[in-house]
Amino acid sequence: MIPLVYDQINSWGKDDEFFLELLKKINAKKIADLGCGTGRLTTHFAKAGYHITAIDPNEEAIEYARSKEVSGEVTWTVGDSTNLETNAYEAVIMTANVAQVFLTEESWHKVISDAHRALKSGGHFIFDTRNPLAKAWEQWKKDLTPDFATDQVSGEPLEIWTDYEGFIEDVFTFYETVKNARTNEILVHEKMQLKFRSQEVIHESLQQVGFSQIQAYGDWKFKQATAETKSFIFHSVK
Ligand SMILES: C[S@@+](CC[C@H](N)C(=O)[O-])C[C@H]1O[C@@H](n2cnc3c(N)ncnc32)[C@H](O)[C@@H]1O
């Protein structure tokens, strides 16, 4: 994630509406937004009245999030799942495929165990992740055009280019480069990696750490997941 351009190239979508609606349905009040990034969605949660602990290891992203005007209650924290309080939240949420940044089985086990520890009894764990069978990367690779943004400080035009390296086992590697479109100066060049886990593997791992009522939605309208759906939105209960 590149905080300089993240909000501009990730505009509001159906997934964001879905997460707001789901939180409303479960009637949560105190929530943790793990991997909140720039707070793109967190600020909307705050506006909806939730008390939020928003955590991300990316210092620049949290700094950017802190600079936003937020109507509501958010505690921004630079950190990871270790920073979640114990027995404290009615929901822990990870949006925009945060679940895929945990590349190893150890790191995945740690984050879901911490989410379980952090929830009150009856609390909800909610996250989305891409279905490996839908092969999203095949579409990504066809798009040879850059994204465009503006440097919010200097007003300079920016281009964001993506280069795809490919898979080693279930980890997909790609690079994002942000350059000044006027001078061609490269401002950021970042390696990104995503782990693609199957529905079954995720389901079993959630069961293993003690979650129950595990369900996977397959779209942003609460339809149950099938083998073909692009994303799984997992919703389970402590
Ligand atoms: C695609 S962004 C999603 C940001 C935000 N949730 C949203 O909806 O816009 C993925 C985020 O995961 C964060 N991340 C990376 N490693 C993490 C970790 N170990 N624990 C929590 N978040 C992590 C990144 O810093 C990044 O902000």
Side-chain angles (χ1 to χ4, degrees), residues 1-23 31-48 50 52-68 70 74-85 89 91-119 125-130 136-137 140 147 149 160 162 171-176 178 188 190-197 205 209 220 230-235:
M1 96 99 66
I2 302 176
L4 175 67
V5 294
Y6 186 79
D7 285 14
Q8 292 183 63
I9 61 174
N10 290 282
S11 51
W12 188 256
K14 285 187 203 144
D15 50 344
D16 302 313
E17 296 287 352
F18 174 92
F19 288 123
L20 275 170
E21 204 178 324
L22 183 52
L23 284 178
I31 69 171
D33 183 0
L34 184 60
C36 64
T38 56
R40 186 189 62 85
L41 186 47
T42 324
T43 55
H44 292 269
F45 293 151
K47 209 166 152 194
Y50 302 105
I52 308 154
T53 300
I55 304 176
D56 200 286
N58 186 322
E59 272 182 54
E60 194 188 338
I62 291 291
E63 198 181 312
Y64 184 77
R66 280 200 179 111
S67 73
K68 291 181 178 175
V70 182
V74 187
T75 309
W76 303 106
T77 305
V78 176
D80 60 19
S81 60
T82 316
N83 297 84
L84 290 165
E85 288 172 51
Y89 312 95
V92 173
I93 191 162
M94 302 194 300
T95 64
N97 303 297
V98 170
Q100 292 189 254
V101 308
F102 303 98
L103 303 182
T104 64
E105 289 330 294
E106 294 71 34
S107 61
W108 176 242
H109 184 80
K110 173 161 173 46
V111 73
I112 62 177
S113 306
D114 278 342
H116 191 267
R117 168 184 63 73
L119 285 166
F125 185 32
I126 296 161
F127 60 88
D128 60 339
T129 185
R130 297 179 188 90
W137 56 89
W140 298 344
D147 285 322
I160 303 100
T162 311
V171 175
F172 186 73
T173 300
F174 60 103
Y175 297 84
E176 278 195 349
V178 181
V188 186
E190 198 167 298
K191 180 178 183 177
M192 313 222 177
Q193 292 188 297
L194 297 172
K195 172 86 174 181
F196 282 78
R197 292 183 177 83
S205 65
V209 300
W220 308 113
K230 286 186 182 168
S231 285
F232 304 122
I233 306 105
F234 275 91
H235 177 191

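Only heavy atoms go into these numbers, but all of them, side chains included; no hydrogens, no water, no symmetry mates. Order of listing sets the numbers, starting from 1, for every ligand and every atom in it.
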Any side-chain to backbone donor/acceptor pair from Asn10 onto Tyr6? Under 3.5 Å, distance only. yes
Min heavy-atom dist Ala61 to ligand 1 below 4.0 Å: no
Just to confirm my output: which protein heavy-atom neighbour is closest to atom 10 (C) of ligand 1, and how far is it? Val98 CG2, 3.8 Å
Would you check the N or O atoms of Met1, main chain and side chain alike, for any that come under 3.5 Å of an N or O of ligand 1? no
Nearest heavy atom to atom 13 (C) of ligand 1 wins, so pick from Asp56, Asp7, Asp128, Asn97. Asp56
Please indicate whether any nitrogen or oxygen in Arg40 is less than 3.5 Å from any nitrogen or oxygen in ligand 1. yes
Provide, to 0.1 Å, the distance between atom 18 (C) of ligand 1 and the closest protein heavy atom, together with that atom's residue and name. Phe102 CE2, 3.6 Å
Please determine, by modelled atom types, if Asn97 and Thr129 share a side-chain donor-acceptor pair under 3.5 angstrom. no
Quick check: does Thr95 get an N/O under 3.5 Å from an N/O on ligand 1? yes
Going by the order shown, which atoms of ligand 1 are within less than 4.0 Å of some heavy atom of Gly37? 27 (O)
Over 60° means perpendicular and under 30° means parallel, so tell me whether Phe127 and Phe125 are parallel, tilted or perpendicular. tilted
Examine the side chains of Trp140 and Thr162 and answer whether a donor and an acceptor come within less than 3.5 Å of each other. no
I'd like the name of whichever of Ala96, Gly35, Ser107, Gly13 reaches closest to atom 5 (C) of ligand 1 through any heavy atom. Gly35
Return the minimal non-hydrogen interatomic distance between Thr42 and Ala54, and the atom names on each side. CG2-CB, 3.8 Å
Pick from Leu34, Val101, Thr82: the one approaching atom 16 (N) of ligand 1 most closely through a non-hydrogen atom: Val101
Close approach, Pro57 and ligand 1, non-hydrogen under 4.0 angstrom: yes
Is the distance between the ring centroids of Trp137 and Phe174 less than 6.0 Å? no
Between the side chains of Glu21 and Trp220, does any donor sit under 3.5 Å from an acceptor? no
With distance as the sole test, does Asp147 use its side chain to make a donor-acceptor pair with the main-chain N or O of Ile160 at under 3.5 Å? no
Within the side chain of Arg130, is there an N or O that forms a donor-acceptor pair under 3.5 Å with the backbone of Lys195? no
In terms of atom number and element, which parts of ligand 1 are under 4.0 angstrom from non-hydrogen atoms of Tyr6? 1 (C), 2 (S), 3 (C), 4 (C), 7 (C), 9 (O)
Counting from 1, what ligand 1 atoms have a heavy atom of Asn58 closer than 4.0 Å? 25 (O)
